[in-house]
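Encoded as structure tokens, the structure appears first; notes follow it.
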Amino acid sequence: TRSTRPQRMLKAVQKNATKGSPESVISAIDYFCKHSEWAMNVGDEKGSILDSVVTEVNPSTVLELGTYCGYSTVRIARLLSPGTKFITLEFNPANVTVARQIIAHAGLQDKVTVVEGSSGDLIPQMKERFGITTFDFIFLDHWKDRYLPDIKLFEECGLLRKGSVLLADNVICPGAPEYLEYVRNSPRYENRYYPAHLEYTKVEDGLEKSVFLG
Ligand SMILES: Cc1cc(-c2n[nH]c(CCNC(=O)c3cc(-c4ccc(F)cc4)cc(O)c3O)n2)ccn1
Ligand SMILES: [Mg+2]
């Protein structure tokens, strides 16, 4: 049967990227998405903003929602200090398989744990299953209608501390209007919007950074 887009992306990484080089994996995926097939990776423009925020926060605990093929997972993991606890959640089991192979090609398999499942089920399990107390950095890049319920879940589960940084992809396209309204009207968050474009296109999109004030 016909291969899937993530499987074709993995083949492109295995063919074109140097094993053990995160930068070459990132470049190979961006090349594939620009010249072969569009795919919903955060991309190079928004990826550079992600890089700058991760570097600024220098987190000890990281959660990514929405692994997809592991592109942003590789971008984040390559910047983390040794000993950082990094967990990424992916709903689609076929994508989990592809992501683990792309992350391994980058040589970053020991830096991150890829967990299959839905955010609503897994967030309440973070403390008991992974020994997390709070997250220093959270990258929201999963189903856009889950951004709002999941930030409320983080608050309810006591997974945020004063200074925790949340960075949300796609707040314009596909959009997360209820999430934006919540964080921008809540006295408990300090927000900054980073204008950009939908990955590999000229369509308007952006990232919203929200710092939890406790
Ligand atoms: C509930 C739950 C869910 C998950 C989960 N795992 N994997 C994902 C991926 C979600 N990502 C997207 O849907 C997404 C879509 C577009 C897009 C698509 C089509 C267009 F025309 C324009 C833009 C662009 C993007 O940048 C995106 O990130 N979610 C993991 C855990 N729990
Ligand atoms: Mg996204």
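Worth knowing before you read on, the calculation uses all heavy atoms, side chains too, and leaves out hydrogens, waters and symmetry mates. Atoms within a ligand are numbered from 1 in the order they appear, just like the ligands themselves.
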Would you call Lys202-Asp205 a salt bridge at under 4.0 Å N-O?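 Not counted as a salt bridge, because no side-chain N and carboxylate O are separated by less than 4.0 Å.
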Ion pair Glu190/Lys209, N-O distance below 4.0 Å: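 Between Lys209 and Glu190 there is no salt bridge, as every charged N stays at least 4.0 Å from the carboxylate O atoms.
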State whether Tyr182 and Lys152 meet the cation-pi test: NZ (Lys) or CZ (Arg) under 6.0 Å from the six-membered ring centroid, and within 45° of the perpendicular axis.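 Relative to the ring axis of Tyr182, which defines the angle, Lys152 lies inside both limits.
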Has Arg146 got its NZ or CZ under 6.0 Å from the middle of the six-membered ring of Phe91, at an angle within 45 degrees of the ring axis?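 Relative to the ring axis of Phe91, which defines the angle, Arg146 lies outside at least one limit.
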Counting neighbours of OH on Tyr31 that are heavy atoms of other residues, nucleotides or ligands and sit closer than 6.0 Å, is the number greater than 12?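 It does not: Tyr31 OH has 12 such atoms or fewer within range.
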Around Gln14, counting heavy atoms of other residues, nucleotides and ligands shown, do more than 12 lie under 6.0 Å from its CD?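 Yes, CD of Gln14 has more than 12 neighbouring heavy atoms, counting only those of other groups under 6.0 Å.
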Using only heavy-atom distances, determine whether the side chains of [X] and [Y] contain a donor-acceptor pair under 3.5 Å.
X	Y	value
Asp121	Ser118	yes
Thr18	Ser21	no
Glu64	Thr88	yes

Which residues and atoms, protein N, O or S only, are under 2.8 Å from the Mg ion (ligand 2)?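 For the Mg ion (ligand 2), the protein N, O and S atoms that sit under 2.8 Å away are Asp141 OD1, Asp169 OD2, Asn170 OD1.
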Using a 4.0 angstrom limit on heavy atoms, which residues are close to ligand 1?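 Within 4.0 Å of ligand 1, protein side: Trp38, Met40, Gly66, Leu89, Glu90, Phe91, Gly117, Ser118, Ser119, Asp141, His142, Trp143, Lys144, Arg146, Asp169, Asn170, Pro174, Leu198, Glu199.
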